[in-house]
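So the structure is just underneath, and the comments pick up after that.
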Amino acid sequence: MKQLALAVARAGSRVFANFHAGENAEALARCQQLAGGERLALWLWGPPGCGRSHLLQATAAAGGESATLIRGSDPDMLPGPLAGRTRLVIVDDIDARVGDARFERWLFTAYRELEDAAGGLLVSAEAPPRGLRWGLADLASRMSASQVLRLRPLDDRGRAAALKLHAGHRGFALPDETLDYLLARLPRDLPSLFELLDTLDSASLEMQRRITVPFIREVLHRRGHEV
């Protein structure tokens with residue numbers, strides 16, 4: 001039962017429905033258009049925790065079998081030819097692969113194939129394309145010509161709304177007392193908070209207990225956190 005609860009908890013956790021856009025409504029709309037099959041080259045950039053990976057994973061999930069998601073943080077990942085099976089290429093943390101000659105050549109070829117097939121490209125990084133050290137000038141030119149949008153991190157009110165939305169998507173309520181405790185005592189970056197919510201939800205299902213402040217303290221203590 002424990003393994004089942006964890007599997008259910010992690011399935012489909014990053015989708016459009018639980019993305020709180022805040023000031024990033026345009027980026028959300030563009031990603032939805034890409035997932036719907038629109039021809040578009042889109043570059044999203046911003047600091048860690050601003051929602052880049054969430055949006056890219058949500059776009060891949062909505063795009064289904066026509067979408068290919070590549071994580072730049074995996075240095076050994078080098079996909080094969082698109083061969084017409086992919087109409088949407090998504091590259092998260094591309095800055096980790098910029099300067100990798102083999103990867104840049106693959107992406108340049110993929111870009112041209114997508115152009116011919118009226119496909120889409122979605123890329124994320126911590127900086128805009130002109131701020132990176134490309135090895136392939138033709139690829140740098142094409143990336144710079146894409147639509148470039150900066151993602152704005154959420155403020156405290158936005159983080160609270162995002163956590164409530166994430167909890168509601170998982171099927172449980174997050175009372176204000178519990179929410180205030182999480183935001184006051186724990187790292188405030190959303191990926192860490194979302195991961196903790198997933199852990200708490202799985203633990204509450206396993207132990208058949210509500211997510212209250214004492215329950216959070218207990219779970220955090222078991223994980224070695226000072227509370």
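Heavy-atom basis, side chains included; hydrogens, waters and symmetry copies ignored.
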Spacing of [X] atom [atom1] and [Y] atom [atom2] [to the nearest 0.5 Å]:
{"X": "M143", "Y": "E104", "atom1": "CE", "atom2": "CD", "value": "10.0 Å"}
{"X": "L28", "Y": "L149", "atom1": "CG", "atom2": "CG", "value": "11.5 Å"}
{"X": "L122", "Y": "I94", "atom1": "CG", "atom2": "CD1", "value": "10.5 Å"}
{"X": "L88", "Y": "L34", "atom1": "CG", "atom2": "CG", "value": "5.5 Å"}
{"X": "L186", "Y": "L220", "atom1": "CG", "atom2": "CG", "value": "5.5 Å"}
{"X": "D201", "Y": "E206", "atom1": "CG", "atom2": "CD", "value": "11.5 Å"}

Side-chain heavy-atom pair [X], [Y] within 4.5 angstrom cut-off:
{"X": "L151", "Y": "S124", "value": "no"}
{"X": "I70", "Y": "L107", "value": "no"}
{"X": "R170", "Y": "D198", "value": "yes"}
{"X": "L165", "Y": "F19", "value": "no"}
{"X": "W106", "Y": "R102", "value": "no"}
{"X": "L163", "Y": "L183", "value": "yes"}
{"X": "H54", "Y": "N18", "value": "yes"}
{"X": "K164", "Y": "D176", "value": "yes"}

* Asked: For D74 and R71, what are the C-alpha separation, side-chain angles and deciding distance, and is it a salt bridge (Lys or Arg N to Asp or Glu O under 4.0 Å)?
  -> CA-CA 6 Å; D74 182 357; R71 291 178 174 84; over 6 Å; no
Which heavy atom of [X] sits nearest to which heavy atom of [Y], and what is that distance?
{"X": "I211", "Y": "S204", "result": "CG1-CB, 3.9 Å"}
{"X": "A167", "Y": "L174", "result": "CB-CB, 4.1 Å"}
{"X": "G49", "Y": "P191", "result": "CA-CD, 3.8 Å"}
{"X": "A127", "Y": "L132", "result": "CB-CD2, 4.1 Å"}
{"X": "C50", "Y": "N24", "result": "O-ND2, 4.1 Å"}
{"X": "A35", "Y": "A62", "result": "CB-CB, 3.6 Å"}

Among all residues two or more places apart in sequence or in another chain, which pass the side-chain hydrogen bond (donor to acceptor under 3.5 Å, both in side chains) test with [X]?
{"X": "S146", "answer": "none"}
{"X": "S53", "answer": "D92"}
{"X": "D189", "answer": "S192"}

Return each pair, listed once, that meets salt bridge (Lys or Arg N to Asp or Glu O under 4.0 Å) where at least one residue sits in [range]; pairs must be two or more places apart or across chains.
{"range": "residues 33-57", "value": "R52-D93"}
{"range": "residues 144-158", "value": "D156-R159, D156-R188"}
{"range": "residues 15-33", "value": "E26-R30"}
{"range": "residues 115-129", "value": "none"}

* To do: Please report the C-alpha distance between T59 and F16 in whole Å, then the side-chain angles of each, then the deciding distance to 0.1 Å, and finally whether the side-chain contact (heavy atoms from CB on, under 4.5 Å) criterion is met.
  => CA-CA 8 Å; T59 305; F16 290 137; 3.6 Å; yes
* Asked: Can you pull the side-chain hydrogen bond (donor to acceptor under 3.5 Å, both in side chains) pairs that have at least one residue in residues 133-145, sequence neighbours excluded?
  ->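 Listed once each, the pairs would be none.
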Grouping I, L, V, M, F, W and Y whenever their side-chain heavy atoms are under 4.5 Å apart, do [X] and [Y] come out in a common cluster?
{"X": "V219", "Y": "L193", "value": "yes"}
{"X": "W43", "Y": "L136", "value": "yes"}
{"X": "L42", "Y": "Y111", "value": "no"}
{"X": "L190", "Y": "Y181", "value": "yes"}
{"X": "L121", "Y": "L56", "value": "no"}

* Residues two or more places apart in sequence or in another chain: which of them pass ring-ring contact (aromatic ring centres under 6.0 Å, His included) with W45? ->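 W45 satisfies ring-ring contact (aromatic ring centres under 6.0 Å, His included) with no residue once adjacent residues are dropped.
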* **Summary of ring pair (Phe, Tyr, Trp, His ring centres under 6.0 Å) pairs that have at least one residue in residues 192-220, sequence neighbours excluded** =>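 Applying ring pair (Phe, Tyr, Trp, His ring centres under 6.0 Å) to every pair that reaches into residues 192-220, excluding sequence neighbours, yields H166-F194.
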* Asked: Within a radius of less than 6.0 Å around CZ of R112, do more than 12 heavy atoms belonging to other residues, nucleotides or ligands occur?
  ->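 No.
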* Contacts of A17 that satisfy side chain to side chain contact (heavy atoms under 4.5 Å, CB included) - sequence neighbours left out ->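 For A17 the side chain to side chain contact (heavy atoms under 4.5 Å, CB included) partners, ignoring immediate neighbours, are V15, H169.
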